[in-house]
Structures are given as structure tokens and as C-alpha cells.
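Take a look at the structure set out below.
All heavy atoms count here, side chains included; hydrogens, waters and symmetry mates do not.
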Amino acid sequence: MEEIEKLLEELKFEVGTTDVLKDSKEKIVLGTGNFKGKVLFIGDDPSLYEDEGLKVKTSSSGEFLIKLCDIVGLLPEDYYITTLTKSPKKYRELEERDKRDLKEYLYMQIALMNPKIIVALGQDVAEILNEREVKFLQERGEIKQWRGEVKTILTYDANFAKKSRDDGGKRSKVAVDFWGDLKSVKNMIQES
């Protein structure tokens, strides 16, 4: 694990050298949770976490995701949460060169973690992982083989699911589907 930690520090440095981040004072955080966990959540939402210790802002999408994981029985040791940019930036706002570099760094991070399941939080993440256009409503909730033994599942962006629940009541379809997808993830790790 010591070698992986060294490689993660190098990866963090490399992320900081991307054009969009190299002159920035923004903190770069690769992710939060258990890096040895079976589940990797990937989003494009800077409010998914604040630091490596599962610290999140009150009423944030990160708090929402972690609370739902707790309720469904996904324990903090089961998962790790990361974002596409590892910073307060949003991926879709970046230049193509930065997107390409950050995608490469994401793949390195996935290889170092070697999760059993990747949860793509939103269409943008799914399209990056699948390297193709994704038909979100048709593919959401499907469990697919990705690379090697790694499986993926596409679900809603946590912030979108949170807002849908807040706007549409606890029974909103998006929130119910999001909940169902998390239960599918829980079932997959129990089977692995």
C-alpha cells in the first residue's frame, strides 16, 4: 500500500499541473473514503466532498450521497468518492486539453484503486468512462462489464437526485430511482 500512496501523491501533483489548475490556489483532493473499498463513485460535482476524511458541507450533495449510502447499508469502508477534476472546477467548463489530461489521470486513479464497481454519477461521467454518447434514460441502472472484472452502473448525479427529492417530495421518481441504484450497488458487493 505504501507504493500506491506514493503513486497517489504523484497523481495529485500531476493533476495540479493541468493548465486550469497549475496557477490556481484551489485545493486538489483526489477523493474521500476508503481507497481500498469495492465501490468507486465518480461525479462531476465539487460538493461531493471537502477532504479525504469524508468531510462534507451540510445540505450538500455529498452529505446526501453519504446518508443514503448509510441507509442502504453501504458502509464508509465499502466506498471511495472522487470527481472528474479533483477540484472545485466542473469538467464540462474546461478546455479540451485539460479534459483529456484529467480523463487520463482518472483512469490511473481507477487502476490504482482497482474497484469492483464504478458508479457513474451522471451522464457526463458515463460518457467519459464508456468513451461514447450515452442514452441516459435507457442505460441508467444497468449493470455493465467495463474493463477486466470491473462493473459499472450509471445513475443520476447526486445533486440532481437531491434537488429532485427536495423539489418533488420524497417519492419523486428520480430520487426513488437513485435509491434503487444504490441498493443495486449494495447487492453487487454482497455477491462479490
Show me the donor-acceptor pairs, under 3.5 Å and distance only, between side chains in residues 112-128 and residues at least two apart or in other chains.
from, atom 1, to, atom 2, distance (Å)
Q123, NE2, E127, OE2, 2.9
Q123, NE2, V134, O, 2.9
D124, OD1, R92, NH2, 3.1
D124, OD2, R92, NE, 2.9
D124, OD2, R92, NH2, 2.5
E127, OE2, V134, N, 3.1

Indicate yes or no: does K99 engage E96 in a salt bridge with an N to O separation below 4.0 Å. yes
Start with the C-alpha distance between V176 and S172, add both sets of side-chain angles, then the distance that settles side-chain contact (heavy atoms from CB on, under 4.5 Å), and finish with yes or no. CA-CA 6 Å; V176 170; S172 86; 6.0 Å; no
Sequence neighbours left out, what passes salt bridge (Lys or Arg N to Asp or Glu O under 4.0 Å) with E50? Give chain and number order. K55
Salt bridge (Lys or Arg N to Asp or Glu O under 4.0 Å) filter on E139, not counting sequence neighbours, yields R132, K144
Can you check side-chain contact (heavy atoms from CB on, under 4.5 Å) on Y107 and I110, steps first, answer last? CA-CA 5 Å; Y107 284 168; I110 292 169; 4.2 Å; yes
Name each donor-acceptor pair under 3.5 Å that joins a side chain in residues 150-159 to protein atoms two or more places apart or in another chain, with its distance.
from, atom 1, to, atom 2, distance (Å)
T155, OG1, D181, OD2, 2.5
D157, OD2, N159, N, 3.1
D157, OD2, F160, N, 3.1

Counterpart residues, side chain to side chain contact (heavy atoms under 4.5 Å, CB included), relative to V20 (two or more places apart): T18, K89, L94, D98
One should read off an interatomic distance between S87 OG and E26 CD, to the nearest 0.5 angstrom, of 5.5 Å
Look up atom OG in S164 and atom CG in D177, then write down how far apart they are to the nearest 0.5 Å. 10.0 Å
Nearest 0.5 Å, what's the CZ-CZ distance between R140 and F178? 10.5 Å
Without placing hydrogens or testing angles, list every side-chain donor-acceptor pair under 3.5 Å for residues 72-80, not counting sequence neighbours.
from, atom 1, to, atom 2, distance (Å)
D78, OD2, L75, N, 2.8
Y80, OH, G31, N, 3.2

More than 12 non-hydrogen atoms from neighbouring residues, nucleotides or ligands closer than 6.0 Å to CD on E142, yes or no? yes
Who are the salt bridge (Lys or Arg N to Asp or Glu O under 4.0 Å) partners of K103, not counting sequence neighbours? E131
Do the side chains of F13 and L102 join up, straight or via other hydrophobic residues, at under 4.5 Å, putting them in one cluster? no
Check the surroundings of atom CZ in R147: do more than 12 heavy atoms from other residues, nucleotides or ligands lie under 6.0 Å from it? yes
Distance in Å, E9 CD paired with L7 CG, rounded so as to fall on 0.5 Å steps: 10.5 Å
Start with the C-alpha gap between V174 and R165, add the side-chain angles, then the distance that decides, and say whether side-chain contact (heavy atoms from CB on, under 4.5 Å) holds. CA-CA 7 Å; V174 169; R165 191 208 62 185; over 6 Å; no
Any sub-3.5 Å donor-acceptor pair from Q145's side-chain atoms to G148's backbone N or O? yes
Tell me which donor-acceptor pairs under 3.5 Å the side chains of residues 37-46 have, and how far apart each pair is, sequence neighbours excluded?
from, atom 1, to, atom 2, distance (Å)
D44, OD1, Y91, N, 2.9
D44, OD2, Y91, N, 3.2
D45, OD1, S47, N, 2.9
D45, OD1, S47, OG, 2.8
D45, OD2, S47, OG, 3.4
D45, OD2, S61, OG, 2.3

Salt bridge (Lys or Arg N to Asp or Glu O under 4.0 Å) with K183: which residues, sequence neighbours excluded? none
Counting only heavy atoms not in E149, do more than 12 fall under 6.0 Å of its CD? no
If the condition is side-chain hydrogen bond (donor to acceptor under 3.5 Å, both in side chains), which residues does K86 pass it with, not counting sequence neighbours? T82, Q109
For the residue pair W179 and I71, establish whether any side-chain heavy-atom pair is separated by less than 4.5 Å. yes
Measure across Y49 and T32 and return the closest heavy-atom pair with its distance rounded to 0.1 Å. CB-CG2, 3.3 Å
NZ/K90: more than 12 non-hydrogen atoms of other groups inside 6.0 Å: yes
With sequence neighbours left out, the residues meeting side-chain hydrogen bond (donor to acceptor under 3.5 Å, both in side chains) with D51 are none
If you measure from CD on E10 to CD on E5, what distance do you get to the nearest 0.5 Å? 12.5 Å
With K27, which residues qualify under side-chain hydrogen bond (donor to acceptor under 3.5 Å, both in side chains), at least two apart? none
Point-to-point distance, once rounded to the nearest 0.5 Å, from CZ of F35 to CD1 of I4: 6.5 Å
